[in-house]
S.K.: 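One structure follows; several queries about it will come next.
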There are 2 protein chains.
Amino acid sequence: MARHTEKAPGDAELLQGTLDMLILKVAALRPIHGYAIVQRIQQISREALQIRQGSLYPALYRLENQGLLKSDWGKTETGREAKYYSLTKAGRKHFEAETAGWKRLCDAVSLVLESAE
Amino acid sequence: MARHTEKAPGDAELLQGTLDMLILKVAALRPIHGYAIVQRIQQISREALQIRQGSLYPALYRLENQGLLKSDWGKTETGREAKYYSLTKAGRKHFEAETAGWKRLCDAVSLVLESAE
DNA sequence: CCAGAATGCCTAGGATGTCAAGGTGTAGCC
DNA sequence: GGCTACACCTTGACATCCTAGGCATTCTGG
């Protein structure tokens with residue numbers, strides 16, 4: 001039960017470009033593997049953000065390809081093989097730029113949304 | 001290399017899904033034509049938001065096709081023919097839903113971005 | 001001991017939305 | 001006459017995301 005594949009009507013989907021930032025954020029806290037990233041983001045956002053594996057893994061390769069993430073195989077607490085991702089120096093820098101951009105965008109959109117005549 | 005998403009510093013790009021909401025917002029204030037929408041949003045957001053015509057018009061047709069906008073030909077202050085867009089009832093409803101979704105997303109992303117260990 | 005769920009990784013295909021770059025035509029100004 | 005601003009529209013490319021699968025391992029219950 002409680003299959004998290006349940007999708008409420010009007011459930012917010014991710015906006016393009018947001019995913020990378022979120023991934024970088026959770027990977028910045030400590031090395032983490034893909035499967036856990038999904039759960040982490042879901043948990044922190046109180047189930048508001050849902051990330052599919054079909055979105056996650058391509059994003060992960062993209063980020064690694066761009067030199068923003070690096071990966072190492074390791075063992076989880078449950079004794080399984082998993083690929084742990086962590087930020088590179090460039091990743092950290094990129095993350096800060098993305099965050100700044102996101103805040104700018106938020107503010108700008110708010111300005112428009114709250115504008116009256 | 002050749003990362004084609006090369007953007008000039010300080011130049012914020014829109015996130016997918018945001019455009020519709022912004023258009024609905026400015027059209028909600030009063031009927032407005034396409035060319036003016038671009039300028040309005042740019043102005044209100046203090047040049048932070050840039051909308052290309054190549055993004056705008058497809059969005060306009062999309063919204064009209066979905067029954068969220070309706071259009072009427074009219075004359076501008078400068079005496080030119082222009083297509084004025086305004087919100088339908090469904091458009092108003094949709095706009096409110098989009099706004100709510102946007103706020104939820106903002107909050108959720110903020111939660112993640114500000115999360116610590 | 002075997003089935004199924006949970007964990008963990010990955011891929012293919014299609015839909016969507018944005019952007020760059022063009023095109024049309026009119027009005028006003030020097 | 002030529003240039004800029006206004007105002008509309010189209011095409012093609014491309015990145016990103018989602019749906020919907022597949023594979024392998026470990027743990028649990030009957």
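Naming convention: chains lettered A, B, ... in sequence-line order (proteins, then strands); numbering from 1 in each chain.
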S.K.: I23(B) has an atom CD1; how far is it from atom P of dT18(C), in whole Å?
M.R.: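 Interatomic distance, CD1 of I23(B) to P of dT18(C): 8 Å.
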S.K.: Given that D20(A) and Y84(B) both sit by DNA chain D, which one's nearest nucleotide is further toward the 5' end?
M.R.: Y84(B)
S.K.: Can you measure L19(A) atom CG to dC18(D) atom P for me and round it to whole angstrom units?
M.R.: 8 Å
S.K.: From CD of E98(A) over to C1' of dT16(D), roughly how many Å is that when rounded to an integer?
M.R.: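 Distance check: E98(A) CD to dT16(D) C1' gives 13 Å.
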S.K.: What is the distance from CD of Q66(B) to C1' of dT16(C), rounded to the nearest Å?
M.R.: 11 Å
S.K.: So do the side chains of T18(B) and L49(B) get within less than 4.5 Å of each other, counting heavy atoms only?
M.R.: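 The answer is no, as the side chains (C-beta and beyond) never meet within the 4.5 Å cut-off.
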S.K.: Shortest non-hydrogen contact from E47(A) to Q43(A)?
M.R.: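 Distance-wise, the nearest heavy atoms are OE2-CA, 4.2 Å.
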S.K.: What protein N or O atoms touch nucleotides 23-29 of chain D N or O atoms at under 3.5 angstrom, if any, and at what distances?
M.R.:
from: dT25(D); atom 1: O2; to: R80(A); atom 2: NH1; distance (Å): 2.6

S.K.: Is there any protein nitrogen or oxygen under 3.5 Å from a nitrogen or oxygen in nucleotides 9-11 of chain D, and what are the pairs?
M.R.:
from: dC9(D); atom 1: OP1; to: K83(B); atom 2: NZ; distance (Å): 2.8
from: dC9(D); atom 1: OP2; to: Y61(B); atom 2: OH; distance (Å): 3.1
from: dC9(D); atom 1: O5'; to: Y61(B); atom 2: OH; distance (Å): 2.8
from: dC9(D); atom 1: N4; to: Q53(B); atom 2: OE1; distance (Å): 3.2

S.K.: Within this structure, what is the CE-to-P distance between M21(A) and dC17(D), rounded to whole angstrom?
M.R.: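 Going from M21(A) (CE) to dC17(D) (P), I get 11 Å.
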S.K.: Nearest whole Å is fine: how far is dG8(C) P from R40(A) CZ?
M.R.: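 After rounding, the reported distance stands at 14 Å.
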S.K.: Please determine, for the side chain of R62(B), which listed nucleotide (dC19(C), dG17(C), dT16(D)) has the closest atom?
M.R.: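 The listed nucleotide nearest to R62(B)'s side chain is dG17(C).
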S.K.: Please report the end-to-end axis angle for the helix from dC1(C)-dG30(D) to dC30(C)-dG1(D), five pairs per end, rounded to 10 degrees.
M.R.: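 Rounded to the nearest 10 degrees, the bend comes out at 10°.
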S.K.: Got K75(A) and R80(A) here, is their nearest side-chain heavy-atom distance under 4.5 Å?
M.R.: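 Sidechains of R80(A) and K75(A): no contact.
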S.K.: Under the side chain to side chain donor-acceptor pair (under 3.5 Å) test, which residues partner S86(B), sequence neighbours left out?
M.R.: K70(B)
S.K.: Heavy atoms, side chains only, cut-off 4.5 Å: are I23(A) and L69(A) in contact?
M.R.: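 SC-SC contact between I23(A) and L69(A) confirmed.
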S.K.: Quick one, Y85(B) and V26(B) - any side-chain contact, counting heavy atoms below 4.5 Å?
M.R.: no
S.K.: Using modelled atom types only, decide if a donor and an acceptor are shared between the side chain of T88(A) and the backbone of G67(A) within a distance under 3.5 Å.
M.R.: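 Yes; judged by distance alone, with no hydrogens or angles, the pair exists.
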S.K.: Does some side-chain heavy atom of E98(A) sit less than 4.5 Å from a side-chain heavy atom of W102(A)?
M.R.: no
S.K.: Please answer whether the main-chain N or O of T99(A) pairs with a side-chain N or O of K25(A) as donor and acceptor at a distance below 3.5 Å.
M.R.: no
S.K.: Would you indicate whether the side-chain heavy atoms of P31(B) and D72(B) approach each other to under 4.5 Å?
M.R.: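 Result no, sub-4.5 Å side-chain heavy-atom pair not found.
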S.K.: Report the residues that fulfil ring pair (Phe, Tyr, Trp, His ring centres under 6.0 Å) with H33(B), sequence neighbours left out, ordered by chain and then residue number.
M.R.: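 H33(B) satisfies ring pair (Phe, Tyr, Trp, His ring centres under 6.0 Å) with Y84(B) once adjacent residues are dropped.
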S.K.: In this structure, how many angstroms lie between the P atom of dT18(C) and the CD atom of Q50(B), rounded?
M.R.: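 Rounded to the whole Å, the gap is 15 Å.
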S.K.: Residues from residues 25-37 of chain B sitting under 4.0 Å of DNA chain D, heavy atoms only?
M.R.: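 Result for residues 25-37 of chain B: H33(B), G34(B), Y35(B), sorted by number.
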S.K.: Just by distance, do the side chain of S45(A) and the backbone of I41(A) share a donor-acceptor pair under 3.5 Å?
M.R.: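 The answer is yes, because a donor-acceptor pair under 3.5 Å joins these two groups.
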S.K.: Which nucleotide sits closest to the side chain of A82(A): dA15(D), dG8(C), dC18(D)?
M.R.: dG8(C)
S.K.: Under 4.0 Å between a side-chain N or O of T76(A) and OP1 or OP2 of dG8(C)?
M.R.: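 For T76(A), the contact criterion (side-chain N or O under 4.0 Å from OP1 or OP2 of dG8(C)) is met.
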S.K.: Round to a whole Å and report the spacing from CD of Q16(B) to P of dC17(D).
M.R.: 9 Å
S.K.: Taking the side chain as every heavy atom from C-beta outward, state whether V109(B) and M21(A) have any pair of such atoms under 4.5 Å apart.
M.R.: yes
S.K.: Could you tell me whether the side chain of R62(B) reaches within less than 4.5 Å of the side chain of D20(B), counting heavy atoms only?
M.R.: yes
S.K.: Report yes if at least one side-chain N or O of R52(B) is closer than 4.0 Å to OP1 or OP2 of dT18(C); otherwise report no.
M.R.: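 No, because none of the side-chain N or O atoms of R52(B) sits under 4.0 Å from OP1 or OP2 of dT18(C).
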